[in-house]
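Okay, so here's the structure we're looking at.
Every number for a ligand or one of its atoms is a count from 1 in the order of the listing.
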Amino acid sequence: MSDGLHSLDDRPLTVAIDGPAASGKGTLAKRLAVLLGVPHLDTGLLYRAVGRRVLDDGADPADAEAATAAAVALVPADLGRSDLRGPVADAAAAKVASVPGVRAALLEFQRRFAQSGAVLDGRDIGTVVLPDAQVKLFVTAGLDVRARRRHQELMARGGNVPDFEMIRAEMAARDEADRTRAAAPLRPADDAAILDTSSLDASEALARAEAIIRWKLGV
Ligand SMILES: Nc1ncnc2c1ncn2[C@@H]1O[C@H](COP(=O)(O)OP(=O)(O)O)[C@@H](O)[C@H]1O
Ligand SMILES: Nc1ccn([C@@H]2O[C@H](COP(=O)(O)OP(=O)(O)O)[C@@H](O)[C@H]2O)c(=O)n1
């Protein structure tokens with residue numbers, strides 16, 4: 001564990017990071033986990049993997065029964081698939097994520113993962129998965145900034161990349177669906193600190209997050 005960064009009480013240190021698409025929450029979560037010496041779980045991968053399973057079965061990711069069955073059948077190897085990124089996986093993930101049965105099936109795994117301390121990033125970590133997390137961050141950035149980051153990320157990965165306008169429109173639609181769904185909508189927890197990374201690079205965002213954590217933990 002990093003110098004002086006430890007839990008407030010006897011509980012293992014848990015950090016909940018939520019925010020919209022490509023706000024930088026995964027990059028921050030990964031770096032914070034290294035800093036704190038705890039494991040990191042990218043919970044978006046769970047929904048992406050469920051979406052892929054439904055597509056493999058030739059079903060509609062919005063079909064609650066098919067999506068719930070896929071979530072129940074999820075195995076760790078699914079998270080290592082190479083086709084979990086890109087517009088098709090994005091859309092499928094957001095559709096299965098609005099199904100309550102899917103969310104229920106994934107909840108226990110996420111909580112167990114955090115039992116000995118962890119950093120989790122997603123949409124409902126501070127509100128539903130780990131409501132008692134010692135530190136909650138809501139990472140955000142302007143839509144244009146986020147769409148540019150995702151566009152560059154996909155370009156660097158190679159292959160067929162949708163143009164910027166398309167990425168921006170699909171991202172706005174997915175954010176809206178995540179914010180307005182009935183089941184665990186995307187919103188900051190009441191006790192979350194808001195971290196806007198629009199004009200911060202990844203190192204600056206990490207430094208800001210570390211300062212927030214030190215303040216929260218009083219160290
Ligand atoms: N603060 C930042 N400034 C600039 N680019 C960033 C920043 N944080 C992340 N990125 C880049 O933006 C893209 C999306 O970041 P990521 O952490 O995957 O976002 P999220 O997990 O919120 O979807 C990645 O290519 C990442 O390298
Ligand atoms: N804790 C979570 C994580 C992801 N999700 C869903 O899964 C989708 C993909 O999440 P992600 O974190 O991988 O997406 P990006 O922010 O990387 O674009 C989101 O758009 C949500 O619909 C969720 O509902 N709850």
Side-chain angles (χ1 to χ4, degrees), residues 16-33 40-52 54 61-62 67 71 79 81 83-100 102-107 109-111 113-114 119-131 133 136-157 161 167-168 170-187 189 195-209:
I17 304 186
D18 293 301
S23 54
K25 59 192 181 301
T27 302
L28 177 62
K30 221 173 280 160
R31 292 178 180 213
L32 272 181
H40 163 233
L41 179 64
D42 169 359
T43 66
L45 278 185
L46 302 172
Y47 295 90
R48 291 173 179 278
V50 172
R52 271 294 172 198
V54 178
L79 305 183
R81 291 177 66 142
D83 55 0
L84 299 181
R85 301 280 167 194
V88 175
D90 288 352
K95 283 187 183 156
V96 299
S98 71
V99 175
V102 169
R103 307 201 72 86
L106 300 178
L107 188 58
F109 170 77
Q110 296 173 80
R111 288 190 174 152
F113 185 94
V119 180
L120 268 62
D121 77 277
R123 301 292 185 290
D124 63 336
I125 309 303
T127 51
V128 175
V129 178
L130 303 175
K136 297 180 185 178
L137 299 172
F138 191 85
V139 180
T140 185
L143 177 63
D144 282 347
V145 172
R146 294 187 289 112
R148 210 174 310 120
R149 286 178 185 167
R150 185 54 40 92
H151 187 235
Q152 281 170 358
E153 180 185 346
L154 293 174
M155 298 271 272
R157 199 166 280 152
V161 178
I167 288 175
R168 188 180 185 281
E170 286 183 353
M171 189 174 276
R174 184 155 60 96
D175 287 344
E176 178 66 7
D178 286 344
R179 282 194 193 100
T180 56
R181 68 183 177 214
L186 168 66
R187 66 169 182 84
L195 179 55
D196 189 329
T197 69
S198 299
S199 57
L200 303 177
D201 67 20
S203 302
E204 291 167 333
L206 177 67
R208 201 67 72 86

Locate the shortest heavy-atom distance separating [X] from [Y]; write the atom from each residue and the value.
{"X": "H40", "Y": "F113", "value": "O-CZ, 3.5 Å"}
{"X": "L130", "Y": "K136", "value": "O-CE, 3.8 Å"}
{"X": "D90", "Y": "R48", "value": "OD1-NH1, 2.8 Å"}
{"X": "A141", "Y": "S23", "value": "N-CB, 4.3 Å"}

Heteroatom proximity flag, T43 to ligand 2, N/O under 3.5 Å: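 By distance alone, the answer is yes.
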I'd like to check which ligand 2 atoms, numbered from 1 as shown, lie under 4.0 Å from a non-hydrogen atom of [X].
{"X": "G122", "answer": "1 (N), 2 (C), 3 (C)"}
{"X": "D178", "answer": "19 (C), 20 (O), 21 (C), 22 (O)"}
{"X": "A21", "answer": "16 (O), 18 (O)"}

For ligand 1, which atoms sit closer than 4.0 Å to a heavy atom of [X]?
{"X": "A22", "answer": "19 (O), 20 (P), 22 (O), 23 (O)"}
{"X": "E153", "answer": "13 (C), 14 (C), 24 (C), 25 (O)"}
{"X": "G24", "answer": "8 (N), 9 (C), 15 (O), 16 (P), 17 (O), 19 (O), 20 (P), 22 (O)"}
{"X": "K25", "answer": "17 (O), 19 (O), 20 (P), 21 (O), 22 (O), 23 (O)"}
{"X": "T27", "answer": "9 (C), 15 (O), 16 (P), 17 (O), 26 (C)"}

L28 N/O to ligand 1 N/O under 3.5 Å: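 No - when backbone and side-chain N and O of L28 are compared with those of ligand 1, no distance drops under 3.5 Å.
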Min heavy-atom dist A202 to ligand 1 below 4.0 Å: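 Distance cut 4.0 Å: A202 passes for ligand 1.
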Can you find a non-hydrogen atom of [X] under 4.0 Å from ligand 2?
{"X": "K25", "result": "yes"}
{"X": "Q110", "result": "no"}
{"X": "R85", "result": "yes"}

Check this for me, if you would: do [X] and [Y] make a salt bridge, where the nitrogen-to-carboxylate-oxygen distance has to be below 4.0 angstrom?
{"X": "R123", "Y": "D18", "result": "no"}
{"X": "K30", "Y": "D42", "result": "no"}
{"X": "D175", "Y": "R146", "result": "yes"}

Which protein heavy atom lies closest to [atom], and at what distance to 0.1 Å?
{"atom": "atom 9 (C) of ligand 2", "result": "R174 NH1, 3.6 Å"}
{"atom": "atom 6 (C) of ligand 2", "result": "A97 CB, 3.7 Å"}
{"atom": "atom 12 (O) of ligand 2", "result": "R123 NH1, 3.0 Å"}
{"atom": "atom 17 (O) of ligand 2", "result": "R150 NH2, 3.4 Å"}
{"atom": "atom 21 (O) of ligand 1", "result": "G26 N, 2.8 Å"}
{"atom": "atom 13 (O) of ligand 2", "result": "R48 NE, 2.6 Å"}
{"atom": "atom 25 (N) of ligand 2", "result": "R103 NH2, 3.0 Å"}
{"atom": "atom 7 (O) of ligand 2", "result": "Y47 CB, 3.6 Å"}
{"atom": "atom 5 (N) of ligand 1", "result": "R149 NE, 3.3 Å"}

A22 contact mode with ligand 2 (heavy-atom cut-off under 4.0 Å):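 Only the backbone of A22 comes within reach of ligand 2.
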Side-chain heavy atoms of L195 within contact of L28, under 4.5 Å: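 They are in contact (side-chain heavy atoms under 4.5 Å apart), so the answer is yes.
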Heavy-atom side-chain contact between T197 and T140 under 4.5 Å: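 Result no, sub-4.5 Å side-chain heavy-atom pair not found.
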Evaluation steps, side-chain contact (heavy atoms from CB on, under 4.5 Å), between L186 and F138: CA-CA 10 Å; L186 168 66; F138 191 85; 3.6 Å; yes
K95 and V54: CA distance, side-chain angles, deciding distance, side-chain contact (heavy atoms from CB on, under 4.5 Å) verdict: CA-CA 11 Å; K95 283 187 183 156; V54 178; over 6 Å; no
Residue R208 excluded, over 12 heavy atoms near CZ under 6.0 Å: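 Counting neighbours around CZ of R208, 12 or fewer heavy atoms of other residues, nucleotides or ligands fall under 6.0 Å, so no.
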Side-chain donor or acceptor of D124 paired with backbone N/O of T127 under 3.5 Å: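 No; zero donor-acceptor contacts below 3.5 Å.
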Side-chain donor/acceptor of R168 to backbone N/O of A147, under 3.5 Å: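 Side chain of R168 to backbone of A147, a donor-acceptor pair under 3.5 Å: no, none is there.
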Distance-only side-chain donor-acceptor flag, T27 / R149, under 3.5 Å: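 Per modelled atom types, T27 and R149 side chains form no pair under 3.5 Å.
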Part of R150 within contact of ligand 1 (heavy atoms, under 4.0 Å):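 Answer for R150: side chain.
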Shortest heavy-atom approach to atom 1 (N) of ligand 1 - which of L200, L154, L195, T140: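 Heavy atom nearest to atom 1 (N) of ligand 1 belongs to L200.
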